[in-house]
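Some notes on the structure that comes next.
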Amino acid sequence: MRITSTSCICPVLVCLCFVQRCYGTAHHGSIKVTRNQTKHIEGETEVHHRPKRGWVWNQFFVLEEHMGPDPQYVGKLHSNSDKGDGSVKYILTGEGAGTIFIIDDTTGDIHSTKSLDREKKTHYVLHAQAIDRWTNKPLEPESEFIIKVQDINDNAPKFTDGPYIVTVPEMSDMGTSVLQVTATDADDPTYGNSARVVYSILQGQPYFSVDPKTGVIRTALHNMDREAREHYSVVIQAKDMAGQVGGLSGSTTVNITLTDVNDNPPRFPQKHYQLYVPESAQVGSAVGKIKATDADIGANADMKYSIINGDGSGIFSISTDKETREGIISLKKPLNYEKKKSYTLSIEGANTHLDFRFSHLGPFKDVTMLKIVVGDVDEAPLFTLPSYIMEVYENAKIGTTVGTVTALDPDSTNNLVRYSIDHNTEDRYFTINANTGTIKTAKVFDREETPWYNITVAASEIDSPGLLSHVPVEIKILDVNDNPPELARDYDVIVCENAKPSQVIQTISATDRDDITEGRSFHFALDDNFSLNPNFTLKDNEDNTASILTRRRRFSRTIQDVYYLPIVISDGGVPSLSSSATLVIRVCACERDGRVRTCHAEAFLSSAGLSTGALIAILLCVVILLAIVVLFITLKRSKKEPLVISEEDVRENVVTYDDEGGGEEDTEAFDITALRNPSAAEELKFRRDVRPEMKPATKHPTSCHLDNIDVHEFIKQRLAEADLDPSVPPYDSLQTYAYEGQRSEAGSISSLDSATTHSDQDYNYLGDWGPEFKKLAELYGEKESERTT
């Protein structure tokens with residue numbers, strides 16, 4: 001099969017078509033394809049047939065972006081079996097077959113029906129086959145070939161990263177590289193000049209240039225100054241076809257900023273400045289500002305101010321405000337218009353950050369002169385001293401002079417000054433003479449209460465009372481010997497029974513509320529108003545202490561366990577004061593090494609010479625006897641006839657009382673307070689299990705006197721006797737109902753009402769108390785009958 005291409009229409013493709021036509025036939029598998037080699041000679045076409053098959057031509061070319069009205073011819077397929085009678089049928093399959101590429105199945109001509117874009121798809125792979133039209137049998141094996149899309153210059157160069165922002169230091173050398181830009185072209189770089197890009201600068205000259213091949217942007221001037229111009233906008237163009245006419249182009253913008261370097265020294269706008277400062281300005285306050293300008297920015301413009309000369313360098317100081325880059329002038333010492341009316345300062349401003357590459361542009365500092373004029377103001381009076389310390393004795397009379405303060409008008413007018421005391425509290429301890437400043441006492445002072453007083457004195461001019469100055473005055477209260485000495489503490493003095501003569505048993509000291517100056521001492525002595533003490537003596541140690549010594553050997557607690565030693569303490573003041581005190585000395589039993597064993601007196605038997613063992617034996621015998629007595633009493637009580645002997649001997653023990661009852665308190669088994677007479681309840685709150693200290697009261701008269709005794713009072717007396725009787729049962733074994741209560745509206749239901757008639761009630765079961773209760777019942781019945789009647 002022969003494949004013929006006649007697509008060499010564009011002049012640009014003449015060479016390619018020529019190359020294509022330089023080949024003859026070729027073998028591709030078992031398919032033999034013959035390609036015609038055409039030669040144009042003076043309008044005639046001469047076709048040469050090569051009898052020998054050789055190369056297989058398997059690639060066609062089609063131009064991209066074809067916009068013609070007719071389909072674009074691509075090439076021709078032809079088989080040697082084709083005799084021109086239409087019996088051979090050509091079939092085209094593969095990429096784009098039938099849609100993009102169509103074939104005439106009779107002639108084998110291939111056409112492109114659509115406009116192709118090489119940047120989307122560069123080639124198509126197709127298959128060709130020749131079959132017998134009538135039998136559909138293949139005349140030759142299937143052959144593969146490629147249709148390649150031929151590139152044309154239809155894409156302009158593009159800068160994918162633009163626009164650009166870049167910086168370069170000012171004062172850079174000419175030719176300093178700034179940035180490299182790159183443009184891309186989507187056309188085929190292997191075919192023609194469609195993708196060959198050349199760079200040029202459209203805007204930014206003569207400050208910058210660009211390399212046409214590499215796209216590197218460089219500075220085109222020497223020492224570009226940021227202070228003259230800081231920002232530049234450079235436009236770079238990229239053009240394909242090697243920059244020839246008809247080529248496509250694209251552009252981008254490069255924004256270039258010159259960064260600052262320290263190439264400018266600071267400058268003061270003026271060589272001479274003048275500043276007004278009133279003499280009343282406070283020390284440490286800011287009195288003015290000064291500023292030098294610097295064309296640089298950032299750290300390159302930072303500077304420091306200093307005073308390098310002038311007669312005011314000791315009066316004023318200067319500091320630098322880093323934010324505003326100003327020099328702040330402050331006052332170091334107070335001003336006085338009357339002494340000096342002006343000062344001169346030489347101030348320097350210098351950069352703190354230097355670039356030695358530009359040191360030849362220096363020096364990077366500047367100097368200016370500042371004249372400070374002191375303004376006169378009406379000033380408050382000035383005290384001669386910053387503070388005063390005065391003294392006065394305690395107990396001084398009211399009106400005693402303490403001291404004098406003095407203040408003067410610092411102005412040339414020298415006005416008169418008036419004084420006053422600032423009273424912060426209601427108590428006024430001192431007064432001051434408004435004209436002379438003399439301070440006097442206003443009350444009597446006690447140094448022991450308050451040793452110091454602090455007051456504040458104010459001074460003002462008569463003509464300007466609003467201008468005040470103040471001074472602190474400290475007044476010390478001097479001590480007067482008006483307090484006698486006292487013992488330093490309450491001493492617990494102990495002497496051992498086995499003490500020896502001249503033995504120190506205690507060392508005492510004294511205190512004094514007065515101011516004890518160095519060299520003063522206390523003196524100790526026995527009180528002369530008493531006779532010579534035969535037991536103890538006192539020794540003054542002459543170091544503000546004294547020792548108590550024994551005068552004899554051995555002391556006895558049984559004879560005397562406490563001794564009293566009166567002493568006198570005096571101070572060395574003028575006049576000398578003294579006080580007396582009495583030491584209590586206790587006699588104690590001590591071990592041989594002096595340790596105290598006990599200070600309590602032993603039992604009287606000790607005086608009889610009984611030993612400790614004998615005393616213990618006696619106490620043991622007493623305990624045994626007490627135990628026997630208690631046992632005997634218990635046995636005796638157990639033999640008494642019980643209250644209830646048998647069921648037949650049960651008596652009605654009905655207690656009647658007019659009280660309404662105590663509610664829940666009636667259920668308390670051991671607390672019957674609610675059943676007692678309220679007026680007598682407090683008197684009868686005794687514990688019967690505790691033996692009272694008082695002796696038992698005598699019993700009341702017998703029944704012969706009952707007629708004259710109130711029942712309530714009688715019961716109270718009997719209960720008190722029982723409470724004080726140690727032989728009665730304990731409190732928790734006997735319940736006593738002391739009082740039946742006041743009269744109730746419901747009346748009494750007691751069986752004692754029958755007392756008016758002779759009752760058969762047997763009271764013998766109460767033992768010794770039976771007759772008493774019988775009489776009591778009779779008397780109570782009479783009382784009830786009288787009340788009822």
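In this text the structure is predicted, and so the values were computed from the model without any measurement. Because only heavy atoms are used, hydrogens play no part in the values below, and waters and symmetry mates are left out as well, while side chains stay in.
- Note on residues 467-476: pairs passing side chain to side chain donor-acceptor pair (under 3.5 Å), not counting sequence neighbours, are Asp422-His470.
- For the atom pair CD of Glu486 and OG of Ser578, the computed distance is 12.0 Å after rounding to the nearest 0.5 Å.
- You'll find the side chain of Ile569 reaches within 4.5 Å of the side chain of Leu487, heavy atoms only.
- The closest side-chain heavy-atom distance from Gln560 to Val587 is not below 4.5 Å.
- Among residues two or more places apart in sequence or in another chain, the ring-ring contact (aromatic ring centres under 6.0 Å, His included) test is passed with Tyr419 by none.
- For the side-chain contact (heavy atoms from CB on, under 4.5 Å) test, residues two or more places apart in sequence or in another chain that qualify with Tyr393 are Leu478, Val480.
- Here Arg418 pairs with nothing under the salt bridge (Lys or Arg N to Asp or Glu O under 4.0 Å) rule; sequence neighbours left out.
- Side-chain contact between Ile462 and Asn415 is absent, with no heavy atoms from C-beta onward closer than 4.5 Å.
- Heavy atoms from other residues, nucleotides or ligands lying under 6.0 Å from CD of Gln282 number 12 at most.
- Looking only at side-chain heavy atoms (C-beta outward), Thr436 and Thr404 stay at 4.5 Å or farther from each other.
- Residues Val417 and Leu408 fail the side-chain proximity criterion, which asks for heavy atoms closer than 4.5 Å.
- Judged as a side chain to side chain donor-acceptor pair (under 3.5 Å), the pairs with a partner in residues 524-533 (not counting sequence neighbours) are, in order, Asp527-Asn529.
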- Task: Would you please test Leu577 and Ser570 for side chain to side chain contact (heavy atoms under 4.5 Å, CB included) and show each step?
- Result: CA-CA 6 Å; Leu577 298 179; Ser570 60; over 6 Å; no

What pairs of donor and acceptor atoms, side-chain ones from residues 500-507 against any protein atom, are under 3.5 angstrom apart with sequence neighbours left out?
{"unit_1": "Gln503", "atom_1": "OE1", "unit_2": "Lys500", "atom_2": "N", "d": "3.0"}

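- Partners of Arg595 by salt bridge (Lys or Arg N to Asp or Glu O under 4.0 Å), not counting sequence neighbours, listed by chain and number: Asp593.
- Relative ring orientation between Tyr453 and Phe430 is described as perpendicular, the plane-to-plane angle rising above 60° on a 0-90° scale split at 30° and 60°.
- Considering only residues two or more places apart in sequence or on other chains, Asp492 meets the salt bridge (Lys or Arg N to Asp or Glu O under 4.0 Å) condition with Arg586.
- A search for side-chain contact (heavy atoms from CB on, under 4.5 Å) contacts involving Thr400 returns Val392, Ala396, Lys397, Thr441, not counting sequence neighbours.
- Residue-environment remark: CZ (Arg554) stays at or below the threshold of 12 foreign heavy atoms within 6.0 Å.
- Contact annotation: the side chain of Ile455 approaches that of Ile439 to within less than 4.5 Å [non-hydrogen atoms, C-beta and beyond].
- Note that CG of Asn395 and CG of Asp482 are 5.0 Å apart. Values are rounded to the nearest 0.5 Å.
- Checking side-chain atoms of Thr582 against main-chain N and O of Pro566 turns up no donor-acceptor pair under 3.5 Å.
- Cys496-Cys590 SG separation is under 2.5 Å; the pair is scored as a disulfide.
- With sequence neighbours excluded, the residues satisfying ring-ring contact (aromatic ring centres under 6.0 Å, His included) with Phe555 are Phe536, Tyr563.
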- CA sep, side-chain torsions, deciding dist, call: Lys440, Thr401, side chain to side chain contact (heavy atoms under 4.5 Å, CB included): CA-CA 4 Å; Lys440 295 183 179 181; Thr401 300; 3.7 Å; yes

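- Here the side chains of Ile508 and Ile567 are in contact, with some heavy-atom distance below 4.5 Å.
- For the side-chain contact (heavy atoms from CB on, under 4.5 Å) with Ile628, the lone residue among Leu626, Ile624, Val630 that qualifies is Ile624.
- In this structure a side-chain-to-backbone donor-acceptor pair under 3.5 Å is present from Asp514 to Asn483.
- One distance of note links CZ of Phe445 with CD1 of Ile475; it measures 7.0 Å at 0.5 Å rounding.
- Taking OG from Ser330 and NZ from Lys332, the interatomic distance works out to 10.5 Å, rounded to the nearest 0.5 Å.
- Partners of Ala589 according to the side-chain contact (heavy atoms from CB on, under 4.5 Å) rule, which considers only residues two or more places apart in sequence or in another chain, are Glu497, Arg557, Arg597, Thr598.
- Of the N and O atoms on the side chains of Asn544 and Ser509, not one donor lies less than 3.5 Å from an acceptor on the other residue.
- Residues Leu565 and Ile585 have side chains in contact (heavy-atom distance under 4.5 Å, counting atoms from C-beta outward).
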- Task: Could you walk me through whether Ile633 and Val629 pass side chain to side chain contact (heavy atoms under 4.5 Å, CB included), step by step?
- Result: CA-CA 6 Å; Ile633 293 173; Val629 170; 4.0 Å; yes

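- Contacts of Asp490 classified as salt bridge (Lys or Arg N to Asp or Glu O under 4.0 Å), with partners at least two apart in sequence or in another chain: none.
- Between the side chain of Asn541 and the backbone N or O of Asp543 there is no donor-acceptor pair closer than 3.5 Å.
- Few gaps surround CZ on Arg551; more than 12 heavy atoms of other groups in view lie less than 6.0 Å from it.
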